Every structure is written in structure tokens, then in C-alpha cells.
A.B. asks: 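What follows is a single structure, and I will ask about it in a moment.
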Amino acid sequence: MSRRVQPMDNRSLAETFEVIADLLEIQGEIIHKILAYRRAAESIRGLSRPAADLWGAGELRTISGVGEAIAGKIDELMRTGKLDFFEKLKRQVPVTLVDVLRVGDVGPKKAARFWKELGITSLPQLEAAARAGKLRSMAGMGERSEARLLESIAAWKARQSTRVSIARARPVAASLLDRLRHLPGVAAAEPAGSLRRWRETVGDIDLLVAADKPRAVIEAFLAFSEIERVRGRGDTKASVVLANGLPVQLWVHPPAHFGTALQYATGSQAHNVRLRELAQERGMSLSEHGFKLKDGRTAECGREEDVYAQLGLPWIAPELREDRGEIQAALDGRLPGLVTADDIRGELHAHSDWSDGAVSLEQMAEAAAGAGLEYLVITDHSKSLGVANGLTPERVRKQRKEIEALQRRLGSRLRLLHGTEVEVLADGALDFDDEVLAAFDLVTASVHSSLRQSRPRVTERMIAAIRHPHVDIIGHLTGRMIGSRDPADLDLEAVFQAAAEQGVALEINAHPERLDLNEAHARRATEVGCLLAINTDAHRPEHLSLREYGLGIARRAWVTPANVVNSWPVEQVLRWARGHAG
DNA sequence: GCCGTTTTCGGCCCGACTGTTTTCAGTCG
């Protein structure tokens, strides 16, 4: 067997180019070359399939921002696992300096001066020098800069991980927005940034307020009790850190140009750059204040729709604004009609107290009806999942009787269906016999254990489940738990192919700790032709509202309702469940 | 380093805030 280098994954590849950009910037290379590396890194990070596949197919140049030189570097990394250019660069600039850049208020220019003038090559050295008062000896640095830097280092350490789950940030933002809306003179207050784009994690909370007297709003905001530290404040914006450690940015703009301001504050930065380039091509200059026209006048936009219209574009949903082809799609009139909360008619994955759910069948049914759903599939666990009180075939039969009785009481308010979340056992077999499975209205198959099997084994196991004639949906495909459990090492291309062939749907599990499929997987699955289900995996009534996080993933993955089985009428779902199996 | 119905060469988004500044560079989003 020949020894082969494991092809680099997208994330490592992107990180490599990001570090290259940082080192070049410290070295004083021209900014546009640096931005080219960053743009390529961003594109690679956002790819829906492994760059290794594109490399194998000779299609690296189809990646936006990847030209001849970077394609050559990717090729070298894929073939040898190393990059000569990078190794040489690291001998010229200490690579530990990139940590220094992660600290706020330190950019490439200062990092280079710390290194060249004081011999500082790492973050601990920088901190020690600041404490010893050695930085103020440098031109342009004073005591205040030194103190501010120490604060930044402390904040960076306290945060450790620089991003938090959107599910943690959303309620905090909602509470701040509610209070901002009640301030005098405030016409509107909206979330912006990655929060509005529904990224899985956010680095800070960006908020935008419309008011004619920005200063007064900023003053009032800075008095909010949950603010621990003010990092900056001006006439139109303020930057603070809350007591819970979350950074918050507030922008305040007059209602007259709220549209351009909201567009700007929503980002992403890459999307904004593209949009501003487009404005330039059209002979205008776009900023948060409006469009500067050739004749010197400024065209203000009160609504975001007007910003895009000024450029001849339809409004682009925030979830798409990542510079992943959305602007070209808008120019070509082929933006996807994204799935919305209103499209969702039913929940296909929910538990009751028959297994590990918190409430009775009736309470779940009432909650689903109350949430406006047309149908609910109860999918309690199967017998092998002992920790979750999985059902035996005998209890399955009893549960069906109870569901039938409950359906009679519910009448036309809700269609209640009997499903299962059946275990995919370690060998790929299912935890119920065919006869038991055949009686369910809908079968979701999931993996909860033996997630660490080798790639070939776990892939084969998953494909066996997909090919099982009674399986309709694969639940939380990779099994990852954000921050606590790694995803199974699946060959996703093979899994997506099998699911598409069988007409089996893949779940986007909306629970904020899962979000599985993630957005890249969901986009690739859609490209391959897979059906999806946006489910909450509700274990109690309140969980039904978690669907918005799954919708965020789906929308960021360019998913339209046609691909989402639980946007279909119940009869269509049942026809599909009976008919797709191969 | 990338890219192209104004270009294969000459461009590459725009403005606010900070600190140390007599006019601006650096950083950030």
C-alpha cells in the first residue's frame, strides 16, 4: 500500500490562507494581495463540498477568488500536505505573531512594530511588555494605549472562544431591542450582523436603531444596567461589553437612510464589498449613509429594498448575504424563493412521555395545534435506546391505540400520526423488525451510539439505513453536539447520493445544540437532489419554537419549500412515505 | 493575487472612532 497524504479539509485550507494573509500583512505586503488570500480563504470556508473533490476534478479555479497562484498552492497542499511558500514565510515572520492580531486594537502595523522595535513575537510577551510599561516608549503609543491594550487582552482571554451560539445571543438581543424601541425618539430597532443573517454562531450582537437624534439614544443605551464596559462611543455608534461577556455594537441612524444603514450593518463584509463594487460600476458610491451620485447629490434609502433597487437588484434575504453567488444570482433573476416559517405545515420528529419526552401525547398534540401546525408525527425512541425508555413492539401497539383515540378527540384541529425514531444499530440494522416498521405512518432512523466508527463502517451503516425499504427520514445525520460531541466521520457525498436515489429525506435538526445537517451539508444535499425535513426533535412543547434555528440553516443553504417534506400537505407526505422506497 | 460588455493591465468599499496627534495613521466593521 502506498502512503498517501490525507487531503486537507476545507477548514484547514482556509486557515492556512488566513495565516498567510496575516503574515504577509505584518510583512507589509500590498493590501490587495492580502485581501486576495482572505477572499480565497472565505470562499473555501463557505464551499458546500470538499475542496479535495474539486481538486481531484481539476476544478479549483471555479472557486471564487482562486486564481492560478492560489490553485497551485492548494494543489501542493493536497499532494504533499505542505506548502513551501508558507514554510519560507514562517521563517521570515514569527507565526506566533498572528495571535497578537486576534487581540482587539492591534493590527498588522502595530504587531510589526512590537516585533521589530521591541522584539515581541507572541501574545504573552506583549502582555508582559505592556505590564512593564515598555510600550509607551514607542512613538505614537502612550499610557492610555497601553491600558487599553491590556483590557483587550483580558477580554480576549475571558472570551476564549470568540463566538457564541445564536440561540444564546438571540434572547439577549431581543431584550435589548425591546428596551431600545421604548426609548423616546426611536422609530425602529432591528438586529443586524450575523444575528440577522442567522449564522450558527455570532461573534457579537449588532443592533441598529432609527432615530433623528442619535446622540440621545446612545446616551440612554450606555446607561443600560447590563453593560459592564464601554469600549467606544461616538455620535452614531457605541461599542460595549455586557456583564455576561457578550460584545454589543449599536448603530443609530436617522430613519431617512435606515435602509442603507441596515444593509451596511447586516453585512456580511464580503457581501457589502461586492455591493459597493457594483455601485462603483454604476457610477455611484455606496455607504451606510446612502448613494453618492455623480452629480454630488446623495440618494437616501429609507428601506433596505430601495438599496438593492438602486443597484437594479431584487432584495436579497440576509441569510444569503455571504458573497456565495447571491449577487450574481440576483443580477440573473435566479434568487431562490427561500423556505419560510409560513411554509411549514407539520412536525415530523417529536417525543412524548412514552419515551424521553417531558409531556403526554395529548399535551404535545395540543401544543402543535396551538402552534398552528396541521400535522404532528410522534416519533418516540425504539427499544435499544434504554436511557430514553425506548418502546418495545408491544408498547408501540399500545401507543398506536392511544394515538388513534386521541385523533378522534382532536377532530380536524390536528392530524396526529404515528411514527418512530428507530435506532440504527452498530451494524446498520434497524432496532425494529420489518413488520413493526411497516405499521408506522413515518419512520425516522437515527444514530445515537457508536458514532466513532471508522469512516467506511459508519458510512456503510448509514447507507444501509437509507436503503432500508421502510425508512423515510434520517434524523440528525452526523450526530454532532455543538461544543461537546464531534460529528461522525461520514463520507457525505456517498450518503447524499444514496439518499437522493432512495428519495429518503435528511433532517435539519433545529435544536441549537445539534443544527445537524449544518448549512454546508444542507446546501450540498440540496444540490445533489436530496429531500429535507426541518424538524425540532421536540421533547417538550416549548421546543416546537426552536424550528426558527433550523429554518435559519435551511435558508442559509438556499433551500426552497419544494425540497422540504414538512412543507407539503399531509396527504402528500403520506404518499411519499408509502411510495419512495426502493 | 484576482479579475474583466469600458480593462489581459490597472484597478481593487467606505466611513467612524481612537489616541496621539498640530493633520493623521491605525483599526474595525
Side-chain angles (χ1 to χ4, degrees), chain A residues 17 20-21 24-26 28-43 60-74 85 100-114 135-136 138-149 151-152 192-195 197 202-208 214 218 230-240 247-253 257 260-261 263-292 298 311 323 327-328 331:
Chain A
F17 289 123
I20 287 174
L24 287 175
E25 197 170 18
I26 292 169
E29 185 56 87
I30 61 161
I31 188 66
H32 301 111
K33 184 185 283 194
I34 289 146
L35 291 175
Y37 277 106
R38 296 217 169 108
R39 202 171 250 192
E42 187 83 4
S43 291
L60 285 176
R61 297 286 298 273
T62 63
I63 302 171
S64 157
V66 173
E68 191 183 344
I70 292 182
K73 290 182 169 68
I74 296 174
F85 170 78
V100 170
L101 296 180
R102 305 284 172 262
V103 175
D105 304 320
V106 181
K109 298 282 167 44
K110 281 188 196 163
R113 289 189 59 206
F114 292 148
L135 301 183
R136 64 189 74 167
M138 288 171 48
M141 289 284 296
E143 279 180 56
R144 291 173 72 169
S145 302
E146 222 169 51
R148 193 179 164 89
L149 182 58
E151 263 185 33
S152 293
S194 45
L195 200 69
R197 303 199 312 279
V202 301
D204 64 7
I205 294 176
D206 295 308
L207 305 175
L208 182 67
I218 290 189
V230 178
R231 296 202 71 242
R233 57 196 294 184
D235 293 335
T236 63
K237 66 185 203 182
S239 171
V240 304
V248 178
Q249 303 253 13
L250 174 73
W251 283 276
V252 188
H253 284 269
H257 63 252
T260 34
Q263 195 290 312
Y264 157 74
T266 298
S268 68
Q269 187 145 346
H271 175 88
N272 287 358
V273 168
R274 289 285 187 207
L275 222 53
R276 288 168 177 202
E277 285 172 354
L278 198 60
Q280 279 198 318
E281 288 174 27
R282 307 267 198 279
M284 301 177 283
S285 169
L286 170 61
S287 78
E288 56 267 44
H289 303 291
F291 288 91
K292 265 188 212 154
T298 296
L311 293 165
D323 189 26
I327 292 174
Q328 192 58 49
L331 285 167

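The basis for the numbers below is simple: all heavy atoms, side chains too, and nothing from hydrogens, waters or symmetry mates. Quick caveat: nothing in here was measured; it's all calculated off a predicted structure. Throughout, a chain's letter reflects where its sequence line sits, starting with A, and its residues are numbered from 1.
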A.B. asks: Toward the 5' end of DNA chain B, which comes first, A36(A) or K109(A), by nearest nucleotide?
C.D. replies: A36(A)

A.B. asks: Atom CZ of R38(A) to atom P of dT27(B): distance rounded to whole Å?
C.D. replies: 11 Å

A.B. asks: Looking only at atom C1', what distance separates dC2(B) and dT7(B), rounded to whole Å?
C.D. replies: 13 Å

A.B. asks: Taking the P atom in each of dG10(B) and dA16(B), what is the distance between them to the nearest angstrom?
C.D. replies: 33 Å

A.B. asks: Looking only at atom P, what distance separates dG26(B) and dT22(B), rounded to whole Å?
C.D. replies: 15 Å

A.B. asks: Nearest whole Å is fine: how far is dT18(B) P from E151(A) CD?
C.D. replies: 13 Å

A.B. asks: Looking at E42(A) and R274(A), is there a salt bridge between them, counting it only when a charged N and a carboxylate O are closer than 4.0 Å?
C.D. replies: no

A.B. asks: Which nucleotide wins on minimum distance to the side chain of R144(A), given the candidates dT27(B), dG1(B), dT20(B)?
C.D. replies: dT20(B)

A.B. asks: Go through dC2(B), dC17(B), dG15(B) for me and flag the one nearest to the H289(A) side chain.
C.D. replies: dG15(B)

A.B. asks: Which nucleotide sits closest to the side chain of S145(A): dG1(B), dT20(B), dT27(B)?
C.D. replies: dT20(B)

A.B. asks: Figure out the CG/P separation between L311(A) and dC13(B), and round it to whole Å.
C.D. replies: 15 Å

A.B. asks: Rounded to whole Å, how long is the line connecting atom CG of D105(A) with atom C1' of dG29(B)?
C.D. replies: 13 Å

A.B. asks: Has Q280(A) got a side-chain N or O lying under 4.0 Å from the OP1 or OP2 atom of dC14(B)?
C.D. replies: yes

A.B. asks: For R274(A) and dG29(B), what is the distance between atoms CZ and P respectively, to the nearest whole Å?
C.D. replies: 21 Å

A.B. asks: Would you say that K110(A) contacts L149(A) through its side chain, given a criterion of any heavy-atom pair below 4.5 Å between the two side chains?
C.D. replies: no

A.B. asks: Rounded to whole angstrom units, what separation is found between the CD atom of E281(A) and the C1' atom of dC12(B)?
C.D. replies: 11 Å

A.B. asks: Any base atoms under 4.0 Å from D235(A), or only sugar-phosphate, or nothing? Heavy atoms, all strands.
C.D. replies: sugar-phosphate

A.B. asks: Could you identify the nucleotide paired to dG29(B), looking across every strand shown and requiring Watson-Crick or G-U wobble geometry with both distances under 3.5 Å?
C.D. replies: dC14(B)

A.B. asks: Which is true for E143(A) with a 4.0 Å heavy-atom rule: it touches a base, it touches only sugar-phosphate, or it touches nothing?
C.D. replies: sugar-phosphate

A.B. asks: Please determine if K73(A) forms a cation-pi arrangement with F17(A), meaning its NZ or CZ atom is less than 6.0 Å from the six-membered ring centre and no more than 45° off the ring axis.
C.D. replies: no

A.B. asks: Below 30° counts as parallel, above 60° as perpendicular, anything between as tilted: where do the rings of W251(A) and Y264(A) land?
C.D. replies: perpendicular

A.B. asks: I'd like the C1' distance from dC14(B) over to dT21(B), given in whole Å.
C.D. replies: 23 Å

A.B. asks: Considering only the P atoms, how many Å lie between dT27(B) and dT20(B), rounded to the nearest integer?
C.D. replies: 14 Å

A.B. asks: Would you indicate what G267(A) reaches in the nucleic acid, counting non-hydrogen atoms under 4.0 angstrom: base, sugar-phosphate, or nothing?
C.D. replies: nothing

A.B. asks: Under 4.0 angstrom, heavy atoms only, what part of the nucleic acid is I30(A) near: base, sugar-phosphate, or nothing?
C.D. replies: base

A.B. asks: Counting only side-chain N and O atoms of R233(A), is one of them less than 4.0 Å from OP1 or OP2 of dC17(B)?
C.D. replies: no

A.B. asks: Taking NZ, NE, NH1 and NH2 as the nitrogens, is one of them in K237(A) or E288(A) under 4.0 Å from a carboxylate oxygen of the other?
C.D. replies: no

A.B. asks: Report yes if at least one side-chain N or O of H32(A) is closer than 4.0 Å to OP1 or OP2 of dG10(B); otherwise report no.
C.D. replies: no

A.B. asks: Does K292(A) place a side-chain N or O at less than 4.0 Å from the phosphate oxygens OP1/OP2 of dC14(B)?
C.D. replies: no

A.B. asks: Pairing donors with acceptors under 3.5 angstrom, does anything connect the side chains of D323(A) and Q269(A)?
C.D. replies: no

A.B. asks: Is S287(A) near enough to dC13(B) that one of its side-chain N or O atoms lies under 4.0 angstrom from OP1 or OP2?
C.D. replies: no

A.B. asks: Identify whether any heavy atom of Q269(A) sits under 4.0 Å from a base atom; if not, whether one sits that close to sugar-phosphate; answer base, sugar-phosphate or nothing.
C.D. replies: base

A.B. asks: Please measure how far the P atom in dT23(B) lies from the corresponding atom in dC28(B), and state the result in whole Å.
C.D. replies: 25 Å

A.B. asks: So which one's nearest nucleotide on DNA chain B is more toward 5', G140(A) or V273(A)?
C.D. replies: V273(A)

A.B. asks: dC17(B) and dC13(B): how far apart are their P atoms, nearest whole angstrom?
C.D. replies: 22 Å

A.B. asks: For D206(A), is there an ion pair with R197(A) - N to carboxylate O distance below 4.0 angstrom?
C.D. replies: no

A.B. asks: Atom CE of M141(A) and atom P of dT20(B): how far apart are they, to the nearest Å?
C.D. replies: 8 Å

A.B. asks: Please report the distance, rounded to the nearest Å, between CG in L286(A) and P in dC13(B).
C.D. replies: 12 Å

A.B. asks: Ignoring backbone atoms, establish whether R276(A) has a side-chain N or O less than 4.0 Å from OP1 or OP2 of dC14(B).
C.D. replies: no

A.B. asks: So, OP1 or OP2 of dC14(B): does either fall under 4.0 Å of a side-chain N or O from S285(A)?
C.D. replies: yes

